[in-house]
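Single-structure report; data block below.
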Amino acid sequence: MNVAKLKRTVSELMLENRRNSKGFQYTVPSPQSYPYQWFWDSCFHAIIYVRLGQLDDAKKELLALVSKQFKNGMIPHMIYWEKQTRTDFPVVEWGKGDTSTIIQPPMLAYAVWEIYKKEKSKNFLRQIYKPMERFYGYLLEERDLRSHHLISIINPDESGEDDSPRFDIPLGLPPRHSSRKNFARRLELIGKNLSCDFEAKKCMSNFFWVKDVPFNAILVENLSILSRVARELGNEEDALYYASQRKHIVNSMRRLMLENGIFWTVYRLDYKKIKVKTWAMFAPLFARLYTKKQAQVLLEKYLLNTEEFNATYLVPTVSRSDPSYDPRGFWRGPAWMATNWFIYRGLLNYNFEKIAQKVSQSSLALIMKSGFREHFNPETGQGLGAKDFTWGGLVLDMLETV
Ligand code: GLC
């Protein structure tokens with residue numbers, strides 16, 4: 001399939017999944033499996049719309065997302081615009097009625113900047129700056145209990161990688177367990193958080209207190225963009241503030257997460273490392289957190305090593321050598337388009353064009369073989385999970401720039 005044809009297919013899929021409700025427009029990740037609006041999905045959608053040249057749809061998507069911002073600045077990871085009864089998605093009660101009460105990786109500034117790069121007008125930046133300021137302010141102020149400049153998540157779902165084995169230890173689960181058990185643990189966590197009214201500081205330290213590598217790396221990159229946005233809008237004071245917050249997080253990540261050239265997710269109040277080998281070790285490439293030398297070693301030892309992440313199709317979310325690896329398990333092995341996209345972008349930051357191309361070609365091959373599925377078995381390329389899933393559109397962003 002050439003790029004023009006692929007673009008048409010993606011555009012059709014996005015149109016099919018587009019919804020209007022209560023004066024807002026958004027896109028559902030999959031009509032049957034995920035019939036609502038999700039935070040980082042909407043950021044991906046905005047990036048995809050920019051690639052399709054549909055800037056208005058990109059802006060509408062983000063405006064719908066920020067319309068449900070809480071008083072404290074938090075933007076919920078899920079909005080139930082219209083409750084659906086005949087889909088596969090189990091509606092969870094988060095105590096807030098039409099939204100959830102947790103967050104997802106903070107890709108908002110990145111998505112806004114993609115629109116700005118294309119449109120060049122500052123109107124949209126002005127319109128969305130305040131919600132962004134409040135959202136990133138919430139993360140920096142409410143999610144850093146010990147002022148150590150690492151941002152915490154209070155539930156695995158906040159990472160966007162619900163069942164990832166990175167969270168087995170904090171959840172008290174062994175490397176092999178059923179997804180039912182995993183879901184039950186996460187539901188328990190929601191119950192506990194509900195009992196303390198989702199007040200972040202109170203809940204975080206008591207139940208699940210994890211500083212995840214991708215979340216923090218994504219925040220680092222987004223803060224540097226937010227600083228640029230502030231500067232574009234003539235707000236030098238904010239620009240300096242976000243740049244300094246970014247620097248603090250970078251320093252803390254290096255101090256508390258890095259060991260022998262790998263960043264590990266940490267948990268508890270003593271920042272214990274969770275040494276489960278997942279794609280998270282590549283996420284810091286996205287925010288340029290490794291030196292070039294460290295990056296080179298990381299790729300040789302892990303990404304290009306067939307005993308680790310170099311499967312038939314790139315990039316498995318969990319290393320083949322990790323005891324939790326399951327090529328069909330939800331976030332426990334399969335390749336996903338968003339994680340491939342982060343790795344691809346990260347590789348380009350270091351000018352590893354050839355390897356980046358391997359990732360984009362593998363992503364394209366997965367879509368050609370199995371269509372727009374949620375995730376893919378990295379050994380066989382078989383499509384798994386939701387159908388008509390939008391994230392496949394990110395492949396456009398991996399093909400245009402190489
Ligand atoms: C799943 C994924 C999450 C995504 C959501 C909607 O829960 O784990 O990352 O946001 O589906 O697509």
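Counting from 1, the numbers follow the sequence of the chain as shown. First listed ligand is number 1; within each ligand, the first listed atom is number 1.
Counting only heavy atoms of the protein, atom 9 (O) of ligand 1 lies nearest to Gly160 O, 2.6 Å. Atom 6 (C) of ligand 1 has as its closest protein heavy atom Asp41 OD2, 3.4 Å. From the protein, the heavy atom lying nearest to atom 7 (O) of ligand 1 is Asp162 OD2, 2.8 Å.
When only modelled atom types and interatomic distance are considered, Thr27 and Tyr49 share a side-chain donor-acceptor pair under 3.5 Å. Between the side chains of Arg345 and Asn349, not a single donor N or O lies within less than 3.5 Å of an accepting N or O. Between Gln382 and Arg328, the side chains place a donor N or O and an acceptor N or O closer than 3.5 Å (distance only, hydrogens not considered).
Aromatic ring pairs are classed by plane angle as parallel below 30°, tilted from 30° to 60° and perpendicular above 60°; the pair Tyr350 and Phe352 is parallel. Using the six-membered ring where Trp is involved, Phe263 and Tyr290 have ring planes that are perpendicular, over 60° apart on the 30 and 60° scheme.
At a 3.5 angstrom cut-off on N or O pairs, Trp336 does not count as close to ligand 1.
By the 4.0 Å heavy-atom criterion, Phe39 is excluded from the residues contacting ligand 1. Taking a 4.0 Å cut-off on heavy atoms, Gln104 registers as neighbouring ligand 1.
To the nearest 0.5 angstrom, Glu232 atom CD is 9.5 Å from Arg228 atom CZ.
The aromatic ring centroids of Trp336 and Phe330 lie less than 6.0 Å from each other.
The residue from Tyr34, Tyr36, Trp38, Phe89 that puts a heavy atom closest to atom 11 (O) of ligand 1 is Tyr34.
Near Phe389, the atoms of ligand 1 lying under 4.0 angstrom from a non-hydrogen atom of the residue are 12 (O). Contact atoms of ligand 1 toward Pro29: 6 (C), 12 (O) (distance under 4.0 Å to a heavy atom of the residue).
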